[in-house]
Amino acid sequence: MTLAPGLQARLLIMVEKEDTAAKVGSGDVPVLATPRLLALAEQATVQAVAGALDPGQTSVGTRVTLEHLAASAIGTHVEIAVELTEVDGRRLVFGVTARDRETLVATGTIERVVVDRERFLARLAR
């Protein structure tokens, strides 16, 4: 498998108390928190390219645009879908959507960059 547009991944979650804005500190309401939604979308992007990266490579997030359009209460099932839409050298661009049945919960893009894991981590030790 190679890095090419069209790679996809989907996550299906049920919103639990731990996923809410009140629990993660991004608000005081018992609905799916935007930071939690973003973390799930990032997780899906990692899954989408996992089989296409060379050994020793990983990807790191560099840019996010996310519009959180609808609230999802505890117990709601939300599907987060990502698709790799652009590959520009090491730069990867993903389209993101999240849906609660027919309701569009969120839409956006996530950009990641492919890096050599060891070199990336070595720079942190400086």
Side-chain angles (χ1 to χ4, degrees):
M1 188 179 261
T2 60
L3 284 171
L7 294 176
Q8 300 177 3
R10 296 181 185 281
L11 296 175
L12 179 63
I13 64 136
M14 183 177 77
V15 178
E16 298 183 22
K17 183 178 179 182
E18 293 74 25
D19 301 315
T20 65
K23 185 67 174 182
V24 302
S26 65
D28 62 2
V29 289
V31 298
L32 179 61
T34 303
R36 183 67 179 122
L37 177 60
L38 174 57
L40 292 162
E42 290 262 38
Q43 179 182 345
T45 64
V46 170
Q47 289 179 5
V49 297
L53 296 174
D54 291 335
Q57 288 184 326
T58 191
S59 66
V60 295
T62 57
R63 173 178 272 186
V64 174
T65 58
L66 184 67
E67 292 183 73
H68 197 163
L69 304 167
S72 303
I74 294 173
T76 303
H77 289 90
V78 176
E79 182 180 59
I80 299 97
V82 301
E83 181 174 354
L84 182 59
T85 59
E86 182 182 346
V87 178
D88 180 15
R90 296 181 308 121
R91 184 175 149 266
L92 310 176
V93 180
F94 297 85
V96 177
T97 58
R99 293 189 177 279
D100 159 13
R101 292 184 224 125
E102 299 304 313
T103 303
L104 183 62
V105 172
T107 185
T109 60
I110 294 177
E111 292 187 21
R112 299 183 70 79
V113 173
V114 176
V115 297
D116 178 275
R117 182 181 289 106
E118 286 186 26
R119 286 181 55 204
F120 181 82
L121 293 173
R123 285 193 301 223
L124 297 177
R126 292 183 195 171

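Please read these numbers as outputs of a predicted model, since none were measured by experiment.
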- Message: Hydrophobic clustering (ILVMFWY, side-chain heavy atoms < 4.5 Å, transitive) - are Val64 and Val46 grouped together?
- Response: no
- Do Val96 and Thr107 have side chains that get closer than 4.5 Å, going by heavy atoms? no
- Task: Just jot down the salt bridge (charged side-chain N to carboxylate O under 4.0 Å, His left out) partners of Asp88, sequence neighbours excluded, or say none.
- Result: Arg91
- Query: For the hydrophobic clusters of this structure (ILVMFWY residues joined by side-chain heavy atoms under 4.5 Å, transitively), does one cluster hold both Val87 and Val115?
  - Reply: no
- Query: Glu42: what forms a salt bridge (charged side-chain N to carboxylate O under 4.0 Å, His left out) with it, not counting sequence neighbours?
  - Reply: Arg112
Can you give me every donor-acceptor pair (side chain of residues 69-85, partner residue at least two apart or in another chain, under 3.5 Å) with its distance?
residue: Thr76; atom: OG1; partner: Ala73; partner atom: N; Å: 3.3
residue: Thr76; atom: OG1; partner: Ala73; partner atom: O; Å: 2.8
residue: Thr85; atom: OG1; partner: Val93; partner atom: O; Å: 3.1

- Contacts of Glu67 meeting salt bridge (charged side-chain N to carboxylate O under 4.0 Å, His left out) (sequence neighbours excluded), chain-then-number -> none
- Query: Is it true that a side-chain atom of Thr62 and a backbone atom of Glu111 form a donor plus acceptor pair closer than 3.5 Å?
  - Reply: yes
- Message: Please enumerate all residues that pass side chain to side chain contact (heavy atoms under 4.5 Å, CB included) together with Arg123, with sequence neighbours excluded.
- Response: Phe120, Arg126
- Query: Could you give all pairs that pass the salt bridge (charged side-chain N to carboxylate O under 4.0 Å, His left out) test and reach residues 95-104, with sequence neighbours left out?
  - Reply: none
- Query: Between Phe94 and Leu7, is any pair of side-chain heavy atoms under 4.5 Å apart?
  - Reply: no
- Query: Among the clusters formed by ILVMFWY side chains lying less than 4.5 Å apart, do Val113 and Leu124 turn up in the same one?
  - Reply: yes
- Would you mind listing every salt bridge (charged side-chain N to carboxylate O under 4.0 Å, His left out) that reaches into residues 47-63, with sequence neighbours excluded? none
- Supply the atom-to-atom distance Gln57 CD to Glu118 CD, rounded to the nearest 0.5 angstrom. 12.5 Å
Taking distance alone, no hydrogens or angles, what donor-acceptor pairs closer than 3.5 Å link side-chain atoms of residues 12-37 to residues at least two apart or in another chain?
residue: Asp19; atom: OD1; partner: Arg36; partner atom: NE; Å: 2.7
residue: Asp19; atom: OD2; partner: Glu16; partner atom: N; Å: 2.9
residue: Thr20; atom: OG1; partner: Lys17; partner atom: O; Å: 2.8
residue: Thr20; atom: OG1; partner: Lys23; partner atom: N; Å: 3.2
residue: Thr34; atom: OG1; partner: His68; partner atom: ND1; Å: 2.7

